[in-house]
2 protein chains.
Amino acid sequence: MLSKKTKYGLKALTYMARKESKNPVLISEIAEEENISKKFLEIILLQLKNSGFLGSKKGKGGGYYLIREPKDISVAALIRILEGPIAMLPCVSLNFYEKCEDCKDEQTCSISILMMEVRDSTLKILENKTLQDLTNTTLPHL
Amino acid sequence: MLSKKTKYGLKALTYMARKESKNPVLISEIAEEENISKKFLEIILLQLKNSGFLGSKKGKGGGYYLIREPKDISVAALIRILEGPIAMLPCVSLNFYEKCEDCKDEQTCSISILMMEVRDSTLKILENKTLQDLTNTTLPHL
DNA sequence: TAAAAGCCTATAGGTTTACTAGACTATTAA
DNA sequence: TTAATAGTCTAGTAAACCTATAGGCTTTTA
């Protein structure tokens, strides 16, 4: 399951991507529109800024803005920043791999082989879906 | 990510399914062979028993045994018992649905639509994979 | 009847989640 | 120049969840 942090992050970015203008968007505006605790959203947007997805402007007329084009930001990348691994087990994670301590042989562990299959099918979707796609209300079926 | 509980549960059941005979298997045997804390495994196997997957026999010569045929137990069913929802968001879970509190309209929420897609592709794999399949060291590619 | 083996209750440290409070700093419009 | 605005940083926290561990109880069978 995704944490609320990740869900809120995706919602906030989608909200920003939907805006026509590139003017900075207020945290408080996003928080209100998307029903997210403002203080919690602060933490999330700050993390996205430190990860290179958002820029910010302080003072009056300030706010957060997208640095990259929505079509160049995959949902998988966002989930990895906000949530961490996408795989169901650390021993099959591509970006957050950890050795399986109890396993005798990871190469022949049928569970990890299965979880690789799940990982690949999930990634196939999430790597190819961008923030641009999320701005549309209805998604085209593959 | 799957919890260790789920991973251990799958490992233990796979171990049992691999046994030729239908004689009860000792918790301590599974714990030792699969490198799982015995006390933790007790809790897990008890839960699987209460869910109707395992039977048990007390006393000398006792242990746990599979009630159903390995080919009739899907991995998805086991994960739902041990872990809970398979979907990435409560609002797209088939078996553990919860309303999205912050969402204005779940029907047109692009994030939930995306997560439905992920859910379906994951379920396609997990529903069709059984304990029988896990007893093989190498899985056939779809 | 004693050993074996599962069953039950309780506990406990650690981590994560989902926030909240409050002060600080930078920016800009008036 | 200053007041208002808006992001930034530090801290803390209650509750839930995870991953066990301890110890005694009950049932069964050799």
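We name chains A, B, ... by the order of the sequence lines, and we start the count at 1 in each one.
- Of all nucleotides listed (dA18(C), dC7(C), dT25(C)), dA18(C) comes nearest to the side chain of S3(A).
- K49(A) places its NZ atom 8 Å from the C1' atom of dG7(D), with the value rounded to the nearest Å.
- In summary, the side chains of S3(B) and E83(B) do present a donor paired with an acceptor at a separation below 3.5 Å, with no hydrogens or angles considered.
- The phosphate of dC7(C) (OP1 or OP2) has a side-chain N or O of S56(B) nearer than 4.0 angstrom.
- Separating the CD atom in Q132(A) from the OG1 atom in T14(A) is a distance of 11.0 Å, to the nearest 0.5 Å.
- Within the 4.0 Å cut-off from OP1 or OP2 of dT21(D), at least one side-chain nitrogen or oxygen of S37(B) is found.
- Phosphate proximity of dA18(C) to Y8(A): absent, as no side-chain N or O sits under 4.0 Å from OP1 or OP2.
- OP1 and OP2 of dA26(C) both lie 4.0 Å or more from every side-chain N or O belonging to K57(A).
- Using a 4.0 Å cut-off, no side-chain N or O of K39(B) falls inside it from OP1 or OP2 of dT19(D).
- Here the nucleotide nearest the side chain of L46(B), chosen from dC8(C), dG6(C), dA20(D), is dC8(C).
- Under a cut-off of 6.0 angstrom, the local environment of CD in E98(A) is sparse, with at most 12 non-hydrogen atoms contributed by other residues, nucleotides or ligands.
- Nucleic acid contact for L45(B): none, since no nucleic acid atom lies under 4.0 Å from a heavy atom of the residue.
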